Structure formats: structure tokens, C-alpha cells
Amino acid sequence: MGKDRITGSEALLRTLIAEGVECIFGYPGGQAIPIYDTLYDYKDRLRHVLVRHEQGATHAAQGYARVSGRVGVALVTSGPGATNTVTGIADAMLDSTPMVVVTGQVPSPLLGTDAFQEVDVIGITLPITKWAYQVRHAEDIAWAVSRAFYIASTGRPGPVVIDIAKDAQVGMVDYSYTPVDFIRSYQPWPDICRERIEEAAELINHAERPFALVGQGVILSGAEEELMRFLEKADIPAGSTMLGLSAMPSGYRLNKGMLGMHGNIGPNRKTNECDVLIAIGMRFDDRVTGDLKTYAKQAKVIHLDIDNSEVDKNVKVDVKVLGDAKVSLREITGLLRPAGHEAWIASFAQDEAEEYERVIRPEVYPDGDAALRMGEVVRKVSEATGNRAVLVTDVGQNQMMSVRYFKYSRTRSVITSGGLGTMGFGLPASVGARIGAPDRTVCLFVGDGGLQMTLQELGTIMQEKLDIKIILLNNSYLGMVRQWQELFFHERYSYTDMQNPDFTAIARAFGIGAREVRKREELDGAIREMLCHEGAFLLVAHVEKTGKVYPMVPAGGCITEMLY
């Protein structure tokens, strides 16, 4: 049978389908028109979601990837279309999100001539991708795209950029597809070293106060069950990074909460009290460790990670176990002796009681007629969904409050911008999350600052008729910056007070249901109305203007020295 002779644009779409792609987030433009023209004939095979800004395409692709475990795909044109994706690409790189971004490019004879809407996409994105490649010939498209998906989705996931010149899009090619499953210079899964497995198990078997730090690597490797068996067998309490939060159900007995700057008191204190610290699929980010000079100096440290560059980068370890967390945990668990650490686990109770009285009760269960608190809004929304919803957040106080007080019963339930901390992430990410998990309730918590950075994506929600529940925690401030100005900059509130529009009127203009709530006695009814509403809904909760996120470890401080 002969090969089909088709255009490069059709070769691109056929290869995307062969790689299992069902949805593309994109925005058309001059140097991508041939692809979009071909896409016209593929409407029944590829869903295209028209975002309102190319940054929105990347964040939507991230949300889709994070909730589904599949590769997210964005399609944009050259020049400003491509440069508008840079923030989302960098965000995906720092948060290890599998994503393929396809950019149009000027015809190859014009490269280097400063042609209209020409920009060096590869030069710009090389530092923030796992791989970036420019295609100048139609016959290279299928190979490049298949290679891109292999690199993006294997090992430590991340973003890949494929820049396709316009003449490659319209050129003819004898099409054939061969999936890439091996690249000589690329080893996505390090070989497991049996000696390191044995050393790790030996340390854990002799530990009296072991403590596990659970990162997103557990979720990315699908190692949630292996994690639970590991923790149960050795009776090890665990804390989570922000991106690792839903690897364990919130109510699990060994889950002691979130680590880091705005984490729970117990996990932070116990990090500096344990005798063996087991880090699993996390990178010892500065927001988790605080001052490295005072971080876990008493403990033997075991680090399980798939990326050798992360080991010994920030925290020097005693045993490094390179490999996929799913395999490493299974191997170590097989060598563990059943253990009981009842007294050690019980010691968390005092920290939990202290945090409840000093932080949680006044924030989450406030008394009287005072203004609404962010924490109580988050708690009530989570409870109203049966703690089964997907949480999407923007960045700032809304992010810290929602990840602290939302509860999780399923994995892949936290979609947020971790390493880059991108304001404006939330709204477009919720678009991708809803499409990637159509059977789940998607709740987006966002602040008034972040919402206005990508407000235009309400148009995407309208056009796609997406059922997304948006909770705006509105304090008319850039709240997190304001908190730092109050605590560390002598209350010099420089340009953080925001004059906001009528958000409900804007939502209704996009055909989205909306309601404001200001009083505590109205909150339950407003949440019921939001969740019962058919289609997207914006609930504007007017919360305390000067509220702060506690506990807080000051930047660069010791993790046990928290502000309340």
C-alpha cells in the first residue's frame, strides 16, 4: 500500500491524533492559517478550544494536563502569538507539566530577515523547555511531533515547543507515522540502584522518628497506592508540598498537612525534629525549606527523585534513590519491617491543637458579625462539594487559603501555579481542568488582582459552555503583597489598593450566572445557588480587606519560627 501524499499541516494533525490528542487550545494567526485551514476538515476528530489570549492557551493546556495526566496541547501563530506563550511554558517547566506548544513561523526563506511577525522562538524558549525544535521541511513534521510527545510525557514531564515554518505547513509529504519510544541521548527513567534501595530501607527500619515529604512526583508517576503502602508498613507520618497535596486524602491518618511558608505547624516543626527525613518526588524548594542553614540538620536525609539534577542541589542528602517514584517506593517497601511509631505520630496532636486555636478556628470558624474570612468561604465550598471537587487556584492569598482549607478525596485535585507563581493562571487553567475532567466539579478560587489579568477567558467559558464554579475572594487589594508590606515594609502600602469593577455585571455580560455575598448568614445559600446553577457561575465573596495568611515563615527564615 502506498503512502498518502498530504500537506505538512495535515501531517501535523494526523500525528497529533496518533499521539492520542483529543483537544487543542489555540488562537489562529497569519503564520498558522494553513494549519487552521486543515483543522476545518478535522472538527469531528479534534476539539479546538478558542481561547482569548495565547497565554490562556498554555494555562488551559496545563490545567488539562494536570487533571488528566495527559499531554496538553497549545497551537498559536508566530511573533506575538508565540511570545505570549512564554509565561505558560516557563510555568509548565517549573511545575513539571507535560505540554506541547506548536507555533507557526514565517516561511524558511525569510528566517533571519526580520520578516513581519518573525521572532526567534527557539532561542527564546530553549531555557524553559525540555526540547525546542524548528521544522523547516514538511517531511520532518511527523517525526518532530512524535518526538515532542515522547519527551514531554516521559521521565520528569515538561513543556516542548515545535516551531513550524509556513512553507513546511503547505509543503507536500509522503506521510507515515512511527511513534518515538527511544532517543539515544535521552534516558527518562534512571536505572534503579539496588544498593541505594537497601541503604534507604536500612535507615528507615532503624528510625525512631521518620517523616516523609510528599511532592508532586508521586502524582506524576501514579504512585499514590505505592505511597500509601510505604507509609502504612513503616507507620510514617507525612507532609505534602503544595503541588503534592492530593496524593493523599485529606483525612488520611498519616497525612499531617502542608509543608512550607504557609504550611501547617506540625509538618514544619517535625521536619526539624525527625531523625530520618524521606523526600519523595519533591525538589526542596525555598518556600518549603526556609533557611537551609537550619533545615533538618538533625536528620538523615533520603531523597527519591527521577531527576538527578535535583538531588544535592539545595539539601545535601545521605542516600539518593534515583528512579521513578512508583518503582522506588515499591522496592523500598519490600525491604521494610512493619513498624509502629505511635508516640511520634501522637506528638503532632499538640501542634495541631495549637494551630487550630491560634489560626484555624478564628479564620475558618469565625464568630459574630465581622467581615467574611477567606478560610470560611473555602471550607464551606469544599464541604458543599463533598470534598470531591477539583480545586483550581490563582496566585496570592486566595491560593494559600484555598490549598490550606480545601479538602481532597481524590488524586489530581489541586491545579495551581507553584514554582513560577503566575497571577492570571487560574481562570484559563480552570478551562483546561473542566475539559480534562468533565465528570468532576471544578471550583476556581481567585483574587480580584489575578482575575483581571486573564478576565478575557470568560469569553472562552461562554463559547464552550463550560460549567465552572468561580469563587472570587474579593478584598480590593493585591492581598499577598499588602500582607508583606504590612509585616515587613512598615505598612507602606505602595500601589496595592485596587479599585475594582462590578464583577457580577461583567460575568452576566458573558452569559455567566453571578451573585455577590457580603454577610455570613447569606454564604450557605449563595454556595447552594452556585453549585445548583446549570453552567458557569461567579460567586463574589467580599472578604475582610486586611486579612492575612497564617502561619507564615518569613522568607529566608527558619521553618520552625512561624508568625501567627
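Along the sequence shown, residues carry numbers from 1. No hydrogens, no waters, no symmetry mates; every other heavy atom, side chains included, goes into these values. The shown structure was predicted, so the numbers you read here are calculated from the model rather than taken from an experiment.
With hydrogens and angles ignored, the 3.5 Å screen pairs no side-chain donor or acceptor of Asn474 with any backbone N or O of His542. Ser68 contributes a side-chain N or O that, together with a main-chain N or O of Arg70, makes up a donor-acceptor pair within less than 3.5 Å. Proximity of a side-chain donor or acceptor of Asp275 to a complementary backbone N or O of Ala207 within less than 3.5 Å is not detected. The backbone N or O of Gly418 lies less than 3.5 Å from a partner atom in the side chain of Asp95, making a donor-acceptor pair. For Glu354 (side chain) and Val359 (main-chain N/O), no donor-acceptor pair under 3.5 Å exists by modelled atom type. At distances below 3.5 Å, at least one donor-acceptor pair connects side-chain atoms of Glu363 with backbone N or O atoms of Gly375.
Between the side chains of Ser347 and Lys270, at least one donor N or O lies within less than 3.5 Å of an accepting N or O. Between the side chains of Arg66 and Thr416, no donor-acceptor pair is found at a separation under 3.5 Å. Side-chain atoms of Ser382 and Tyr408 form no donor-acceptor pair, as typed in the model, at a separation below 3.5 Å. Side-chain atoms of Thr422 and Asp91 form a donor-acceptor pair, as typed in the model, at a separation below 3.5 Å. Residues Asn264 and Glu355 bring a donor and an acceptor atom of their side chains to less than 3.5 Å of each other. Using a 3.5 Å distance cut-off with no hydrogens or angles, the side chains of Gln485 and Thr496 do pair a donor with an acceptor. For Glu457 and Thr460, the side-chain atoms include at least one donor-acceptor pair closer than 3.5 Å. If you check the side chains of Asn475 and Gln397, you find a donor sitting under 3.5 Å from an acceptor. For the residue pair Glu224/Thr411, the side-chain donor-acceptor check at 3.5 Å is satisfied.
A salt bridge does not link Lys320 with Glu199: none of the charged nitrogens is closer than 4.0 Å to a carboxylate oxygen.
Looking at heavy atoms from C-beta onward, Val543 lies out of side-chain contact with Arg373 at the 4.5 angstrom threshold. For the pair Met248 and Leu227, the minimum side-chain heavy-atom distance is below 4.5 Å. Residues Phe425 and Gln62 have side chains in contact (heavy-atom distance under 4.5 Å, counting atoms from C-beta outward). For the pair Cys443/Thr441, a side-chain contact is recorded, criterion being any heavy-atom separation below 4.5 Å from C-beta on. Within the 4.5 Å cutoff, side-chain heavy atoms of Pro237 are placed close to those of Lys256.
The only option from Leu94, Ile124, Ile128, Thr97 that meets the side chain to side chain contact (heavy atoms under 4.5 Å, CB included) definition with Ile89 turns out to be Ile128.
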**OP:** Take His59 and Phe25, measure what ring pair (Phe, Tyr, Trp, His ring centres under 6.0 Å) needs, and give me the verdict at the end.
**Re:** CA-CA 9 Å; His59 293 329; Phe25 303 92; over 10 Å; no
Original post:
Would Asp235 and Ile345 count as a side chain to side chain contact (heavy atoms under 4.5 Å, CB included) if you check the C-alpha gap in whole Å, the side-chain angles of each, and the deciding distance to 0.1 Å?
Top reply: CA-CA 9 Å; Asp235 203 28; Ile345 294 170; 3.4 Å; yes
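Note that NZ of Lys130 and OG of Ser153 are 7.5 Å apart. Values are rounded to the nearest 0.5 Å.
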Donor-acceptor pairs are to be reported for all side-chain atoms of residues 546-564 against protein atoms at under 3.5 Å, with residues two or more places apart or in another chain.
from	atom 1	to	atom 2	distance (Å)
Lys548	NZ	Glu486	OE1	3.4
Lys548	NZ	Glu486	OE2	3.0
Tyr564	OH	Arg269	NH2	3.1

